[in-house]
Peer 1: 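Quick one: the structure is below, and I'll ask about it shortly.
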Amino acid sequence: MPHDTPLISTIVGGLVLAFIFGAFAHRLRMPPLVGYLIAGVLVGPHTPGYVADQNLAPELAEIGVILLMFGVGLHFSLKDLLSVRGIAVPGAIVQIAFATLLGWGLGAFMGWPTGGSLVFGLALSVASTVVLLKALQERRLVETERGRIAVGWLIVEDLAMVLALVLIPAAASIGGEGHAPVEPLSAGLNRLFGLDLGIGGMIAMTLVKVALFVALMLVFGRKLIPWTMHRIAHTGSRELFRLGVLAIALGVAFGAAKLFGVSLALGAFFAGMVLAESELSHRAAQESLPLRDAFAVLFFVSVGMLFDPNILIDRPLPILATIFIIVIGKSVAALLIVLAFKKPLGTALTISASLGQIGEFSFILAALGVELGLLPEEGRDLILAGAIISIILNPLLFFVCDRMRPLLDGAKREDVVADPAPDADAIAAQEEMPPEDDEVHPTALSGHAILVGYGRVGSIVGQNLKSSATPFLVIEDSDKRIGELKAQGIETLAGNAVMRETLDLANLSGARSIAIAIPNAFEACRIAEQARSVNPSILIVARAHSDAEVDELTHYGADTVIMGEREIALGMVDRLAQVHHESVPYEDRHGPDTIIPTDDPPPERE
């Protein structure tokens, strides 16, 4: 059996090099995705050495997009989507129109035809699904208001691009410039009944198919998919459950694309969203996480493969103009749009930074434009270069926005102080403005406890701290939990405890203890390390799921690490000892439990 097959060599070459350069980038305190992109450039056709299969890599990357959007849907309810429609729909439409206008202007300046310039502008207007979601997940913002607006904005962009992929061939065909097939259902009606629906009919058919897909998912999918997963879970087979999750994610996405003309990413998102109605959504997310991360890495590798470094030397000025539109033009437009809707400054900065890049839909539009003869090949190369560079610059854009926010907040407060006697209209307008829920202020507590995470474990710890009148605050990133905590009168900091700024706001140097109740051991280690470096005398208590995690957390400064599985086992041993032995005490020696006999009789069974 041959071992050097294109599929295996592409997966192995992409993942191995992505790991090496991703680890190297992380060592240099850069985002790992920069290493993934470099790995893609090295296995691409424009650099010497091994060349991965250029057809297989994008298809493998598409699986990552599907699983990523499926995972987002698992944490995103229909209520969340509808709650942000007032800003996501008009905001995305205005931002797409503005970026398209800028791209059209650049294309016209370089002498391209109108159709090609419009395709170029559209390609620059849509953000990458993978990059946006990766950025939100790294900052644990997906479940916040900012995250919901960004994801809703992304869904509107995807819907707009689905419509654009239908209209572009139709417009090219009408203009006599294209030769691609028109919308399939319209073409079928034309063959069967001689009905020429025209471009208006094709738009209507596309909207009908998308609406039909959404209706089927919301009416039937909300019952069928959770019911199917519950039936699979009752078999007791984890293997079947994991397979069922992947089958639903990939099957619904593929079926939506083939039957309804919906993008794979959008189909997967709705599949995850209807499965979120089930109590098994959390388990489904965990089961799909490893494959989701692996194939998401292949997405960045496939993007890197398309990049020709020579264009940086041959066409520097057009590349700078393209990057300016993507990184500056789109971001500023999004910032102003969100602020126009009277959203907090933190929300506006997050949205603007999230959209300052382009990705997979841009590549599809560029390929379609070249195929139809609308977009010159130079335009495709500029789009690819703009995508690569904007993806690399995106973490820097987040960093700049994070640094700008305190400065802008300070300027805002100075303006308020400078106007000591506002008129009645200004006061009324200020009262009508929604509260800035994203504003985070430092705590006034000292000698207190810090609780990181308020999930199943953290909520128990928190309630006990509250009942014992221990001064404490909670660091949490879920808007729903933050609202519940504030309703209970518990001081809460919205943010990610991995970020040093968040720990500083919690007065880590003045705290007596910190309880790290989040299940992510990697983040817990970073929190413990920072806590120990800032406050050497602080008590650090953490949770773990294995002996290896216990050792790692201890190494990074944790004083006490509770391993859930061991505590459950010891509790079971305790209860069994009450029935089968004349003793209750035992010793935990990280091995076989020792039961010490006593004279107390076992309790009677209830």
Side-chain angles (χ1 to χ4, degrees), residues 37 40-41 44-47 51 54-55 57-58 61 95-128 157 160-182 199 263 302-330 356-393:
L37 291 170
V41 174
H46 305 291
T47 53
V51 177
Q54 289 185 281
N55 295 320
Q95 178 254 307
I96 289 173
F98 180 74
T100 301
L101 183 63
L102 291 178
W104 172 81
L106 178 58
F109 178 78
M110 291 189 290
W112 298 348
T114 301
S117 299
L118 288 175
V119 172
F120 182 71
L122 278 173
L124 302 186
S125 70
V126 57
S128 165
E157 285 191 347
M161 292 307 110
V162 168
L163 186 60
L165 291 175
V166 175
L167 296 183
I168 290 173
S173 179
I174 291 174
E177 300 177 6
H179 49 271
V182 296
I199 189 169
S263 68
S302 69
V303 173
M305 290 173 58
L306 300 172
F307 183 58
D308 184 2
N310 294 321
I311 195 174
L312 297 174
I313 302 174
D314 298 337
R315 304 288 290 170
L317 294 180
I319 287 180
L320 288 176
T322 302
I323 295 171
F324 179 86
I325 294 174
I326 298 170
V327 178
I328 305 299
K330 285 175 58 179
Q357 37 76 26
I358 60 175
E360 53 273 11
F361 261 119
S362 305
F363 308 145
I364 297 173
L365 286 169
L368 180 62
V370 173
E371 179 184 351
L372 295 173
L374 296 174
L375 182 69
E377 293 189 2
E378 179 188 5
R380 180 189 60 192
D381 294 338
L382 290 177
I383 291 171
L384 295 176
I388 294 288
I389 297 174
S390 66
I391 289 174
I392 292 176
L393 292 178

Peer 1: Could you grab the distance from atom CG of Leu393 to atom CD1 of Ile388, nearest 0.5 Å is fine?
Peer 2: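 Going from the CG atom of Leu393 to the CD1 atom of Ile388 covers 11.5 Å.
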
Peer 1: Any non-hydrogen side-chain atom of Met110 less than 4.5 Å from a side-chain atom of Ser117?
Peer 2: no

Peer 1: Taking Lys330 for the side chain and Gln357 for the main chain, is one N or O donor matched with an acceptor at less than 3.5 Å?
Peer 2: yes

Peer 1: Please tabulate, for side-chain N and O atoms in residues 306-326, each donor-acceptor pair with protein atoms closer than 3.5 Å (sequence neighbours left out).
Peer 2:
{"residue": "Asp308", "atom": "OD1", "partner": "Asn310", "partner atom": "N", "Å": "3.2"}
{"residue": "Asp308", "atom": "OD1", "partner": "Asn310", "partner atom": "ND2", "Å": "3.3"}
{"residue": "Arg315", "atom": "NE", "partner": "Glu378", "partner atom": "OE2", "Å": "2.7"}
{"residue": "Arg315", "atom": "NH2", "partner": "Glu378", "partner atom": "OE2", "Å": "2.3"}
{"residue": "Thr322", "atom": "OG1", "partner": "Pro318", "partner atom": "O", "Å": "2.8"}

Peer 1: Give me the atom names and distance for the closest heavy-atom approach of Ile383 to Ala123.
Peer 2: CD1-CB, 3.5 Å

Peer 1: So, taking the atom named CG in Leu37 and the one named OG in Ser302, what distance separates them when rounded to the nearest 0.5 Å?
Peer 2: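 Going from CG on Leu37 over to OG on Ser302, the span is 9.5 Å.
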
Peer 1: Which heavy-atom pair separates Gly379 from Trp112 by the least distance, and what is that distance?
Peer 2: CA-CH2, 3.4 Å

Peer 1: With a 4.5 Å cut-off on side-chain heavy atoms, are Pro113 and Leu374 touching?
Peer 2: no

Peer 1: To the nearest 0.5 Å, tell me how far Ser128 OG sits from Ile391 CD1.
Peer 2: 5.5 Å

Peer 1: Begin with the C-alpha distance, continue with both residues' side-chain angles, and end with the deciding distance and a verdict on side-chain contact (heavy atoms from CB on, under 4.5 Å) for Val41 and Met305.
Peer 2: CA-CA 5 Å; Val41 174; Met305 290 173 58; over 6 Å; no

Peer 1: Say whether, by atom type as modelled, one donor and one acceptor occur between the side chain of Glu157 and the main chain of Ala127 under 3.5 angstrom.
Peer 2: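 Indeed, once roles are kept as given, a pair shorter than 3.5 Å links the two residues.
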
Peer 1: Which one of Leu122, Val126, Leu384 satisfies the side-chain contact (heavy atoms from CB on, under 4.5 Å) criterion with Ser362?
Peer 2: Val126

Peer 1: So, taking the atom named CH2 in Trp104 and the one named CZ in Phe120, what distance separates them when rounded to the nearest 0.5 Å?
Peer 2: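 Separation between the atoms: 13.5 Å.
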
Peer 1: Gly369 and Val119: which non-hydrogen atoms are nearest, and at how many Å?
Peer 2: CA-CG1, 4.2 Å

Peer 1: If every non-hydrogen atom of Ala160 is compared with every non-hydrogen atom of Ile96, which pair is closest and at what distance?
Peer 2: CB-CD1, 3.8 Å

Peer 1: Could you state the interatomic distance from CG (Leu365) to CG (Leu375), rounded to the nearest 0.5 Å?
Peer 2: 9.5 Å

